[in-house]
K.L.:
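Below you'll find the structure I mean.
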Amino acid sequence: MSSPRVRFAPAPTGFLHVGSARTALYNWLFARHHGGEMVLRVEDTDAALKTQEYVDAIVEPLRWLGLDWDAGPYFQSERRDRHSEAIEQLVAGGAAYFCDLTRAEIEQRCEAGGLPAGYHGWSRDREVADGPGVVVRFRCPDDGTTVVDDIVRGRVSFPNEPLEDFVIRRGDGSPTFHLANAVDDHDMGITHVIRGEDLLNTTPRVQLIWQALGFGEVPAYAHLPLLVNAKRQKLSKRRDDVALDDYRRRGYLPEAMVNYLALLGWGPPDEVEIRPLDEIVELFDLDAVKPAPAFFDPARLDHINSAYIKALPPEQFAQRAEPFLTGSGAAWPADRYDPDMVRVLAGDIQQRIVNLDEVAGWIDWILRPDVAYDEKAWTKAVVKGRAAAQVLEAVEARLAADDFSSAERLEAIVMGVGDELTESLGVRVRSQPPVRVALTGTGAGLPLWEPMRLLGKEETLARLRKAMSRL
RNA sequence: GCCCCCAUCGUCCAGCGGCCUAGGACGCCGGCCUUUCACGCCGGUAACACGGGUUCGAAUCCCGUUGGGGGUGCCA
């Protein structure tokens with residue numbers, strides 16, 4: 001294939017939808033695989049949406065994912081003159097005409113004529129003059145078929161008959177997206193239009209405009225399967241988690257997100273699903289994309305994210321977790337946070353979390369000045385724990401003589417107390433549970449010894465004494 | 001209503017006429033490991049929607065049915 005040129009053309013809605021992100025990714029993968037180019041074009045036919053905030057809401061998530069583009073961002077709203085020119089050309093050639101019927105009038109006529117709802121070509125020969133509030137409609141063929149050759153779906157035929165003469169210029173003079181789409185795709189030299197299946201039905205209109213404008217051969221089309229929720233409905237802002245940025249905030253890694261998104265509608269031939277992006281670029285192609293809708297499965301995303309988190313070197317893990325530990329929402333004094341602590345504990349934390357926002361839950365007991373006891377754990381390990389008081393007392397005494405320079409030695413000391421009491425009392429005594437609850441407040445957590453060393457001698461002894469006094 | 005799309009384990013993907021008593025992954029279940037919680041490892045569960053064709057042979061091709069979804073705007 002000779003250097004394709006694709007475009008990602010989102011509407012500015014204030015956030016980037018995961019479905020849009022998938023579309024952007026597939027465009028990007030296709031362009032990169034074939035050594036082509038990608039254009040970013042913001043479909044702001046409504047110019048009011050062209051604010052920095054709305055543009056950032058598209059651009060930043062794309063950058064976060066690691067997707068770049070070779071041209072743009074272009075703005076549809078900046079091409080208004082060119083669109084008007086195309087509309088004039090269509091009107092002059094008779095392919096489009098003016099219409100002054102309002103929504104209410106159209107309804108009235110339908111009712112009066114017993115027709116199904118919609119516009120039925122009434123203004124075609126009324127010779128309406130242009131003016132404020134007047135729209136331009138495209139004259140659709142009354143019969144025949146429009147054929148869309150789709151890379152994912154094969155040949156799709158649409159009868160022209162049910163197509164109404166649709167609006168290509170609104171009453172305020174702005175172009176609608178069908179018109180702008182055809183003109184922009186043509187002018188920008190787009191060779192492949194890759195987008196969601198929800199737009200498949202609009203393709204005949206765009207192609208009809210394309211032909212009427214004398215643009216020649218239409219681009220190749222590829223309509224990607226929709227991303228759906230558990231009920232198999234198209235993901236929607238109202239009922240589903242669709243904002244890509246929310247996933248970032250919840251601690252998903254961009255490389256995991258991109259990897260997962262690539263797998264919705266496509267799979268590598270060798271069945272190795274978790275792999276670096278450059279390998280996906282190499283293996284990806286549009287003709288291998290599956291046409292059926294794909295469920296955006298949070299459980300699977302979690303699995304992939306946890307795999308990426310586990311693979312992070314300690315240094316990097318600490319670095320990437322930092323934003324989740326230093327925010328204003330942190331439940332500890334800022335000066336207690338130490339990036340080196342996370343680096344040291346990285347391995348133990350990594351195997352226990354799915355998202356970066358879970359890091360805090362494993363180490364907050366070290367960072368918080370006070371222990372928050374989980375009463376159930378306290379009761380089980382300390383109140384009902386065998387010889388718990390003796391364990392705490394002995395551990396405190398021996399730890400007081402240690403310098404806390406070695407986690408291994410701390411482990412030997414605590415476990416040794418358990419073994420000795422087991423021997424002297426003749427029953428199995430577990431020393432770890434009461435110590436763990438005394439220090440962390442909970443019954444389960446990271447392997448205790450390294451964190452204990454990090455917590456420090458003074459703090460450790462204080463917490464042990466506090467637990468003893470609480471008994 | 002009309003138009004369009006889709007249909008392999010619960011989910012995602014493999015299979016593009018014989019290699020399929022249908023493969024991988026997630027999930028789920030069971031076991032091993034483990035003096036916390038996890039990780040890890042091993043094993044198991046589970047699908048070609050249905051009915052007709054075509055063919056020596058169909059999960060794979062065709063038609064229909066059923067089911068699901070999308071579209072039907074002066075949104076994109």
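Heavy-atom basis, side chains included; hydrogens, waters and symmetry copies ignored. Just so we're on the same page: letters track the sequence lines, and every chain starts at 1.
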K.L.:
Could you encode protein contacts along nucleotides 39-48 of chain B as a string, one character per nucleotide from 5' to 3', using B for base contact, S for sugar-phosphate-only contact and - for no contact, with a heavy-atom cut-off of under 4.0 Å?
P.N.:
B---------
K.L.:
Select base, sugar-phosphate, or nothing to describe what A/Pro116 touches, counting heavy atoms under 4.0 Å on all strands.
P.N.:
nothing
K.L.:
Are the aromatic ring centres of A/Tyr119 and A/Phe166 under 6.0 angstrom apart?
P.N.:
no
K.L.:
So what does A/Pro268 touch, heavy atoms closer than 4.0 Å: a base, only the sugar-phosphate, or nothing?
P.N.:
nothing
K.L.:
Quick check: A/Tyr252 with A/Tyr308 (ring centres under 6.0 Å apart)?
P.N.:
no
K.L.:
For the pair made of CG in A/Asp348 and P in B/U36, what is the distance, rounded to whole Å?
P.N.:
13 Å
K.L.:
Summarise protein proximity over nucleotides 60-65 of chain B in one line of letters, 5' to 3': B for base, S for sugar-phosphate only, - for none, counting protein heavy atoms closer than 4.0 Å.
P.N.:
------
K.L.:
In the strands shown, is B/A14 matched to any nucleotide by a Watson-Crick or G-U wobble pair with both distances under 3.5 Å, and which?
P.N.:
none
K.L.:
Is the phosphate of B/C13 approached by A/Lys290 (side-chain N or O, under 4.0 Å from OP1 or OP2)?
P.N.:
yes
K.L.:
Base, sugar-phosphate, or nothing for A/Arg436, non-hydrogen atoms under 4.0 angstrom?
P.N.:
base
K.L.:
Rounded off to whole Å, could you give me the CG-to-C1' distance for the A/Leu283 and B/A14 pair?
P.N.:
14 Å
K.L.:
Out of A/Ser20, A/Pro254, A/Pro61, which residue meets the side chain to side chain contact (heavy atoms under 4.5 Å, CB included) rule with A/Leu244?
P.N.:
A/Pro61
K.L.:
Over all strands shown, is A/Asp419 touching base, sugar-phosphate only, or nothing at heavy-atom distances under 4.0 angstrom?
P.N.:
base
K.L.:
When rounded to the nearest 0.5 angstrom, what is the spacing between CG in A/Leu455 and CG in A/Leu367?
P.N.:
9.5 Å
K.L.:
Salt bridge or not for A/Arg463 and A/Glu459, using N-O below 4.0 Å?
P.N.:
yes
K.L.:
Over how many whole Å does the gap from A/Tyr221 atom OH to B/C5 atom C1' extend?
P.N.:
17 Å
K.L.:
Atom CG of A/Leu25 and atom CG of A/Leu65: how far apart are they, to the nearest 0.5 Å?
P.N.:
7.5 Å
K.L.:
Along nucleotides 66-76 of chain B, 5' to 3', which nucleotides get a B, which get an S, and which get a -, given that the test is a protein heavy-atom distance under 4.0 Å?
P.N.:
---BBS-SBSB
K.L.:
Do side-chain atoms of A/Asp150 reach the backbone of A/His223 as a donor and acceptor pair under 3.5 angstrom?
P.N.:
yes
K.L.:
Base, sugar-phosphate or nothing for A/Gly265? Non-hydrogen atoms, less than 4.0 Å.
P.N.:
sugar-phosphate
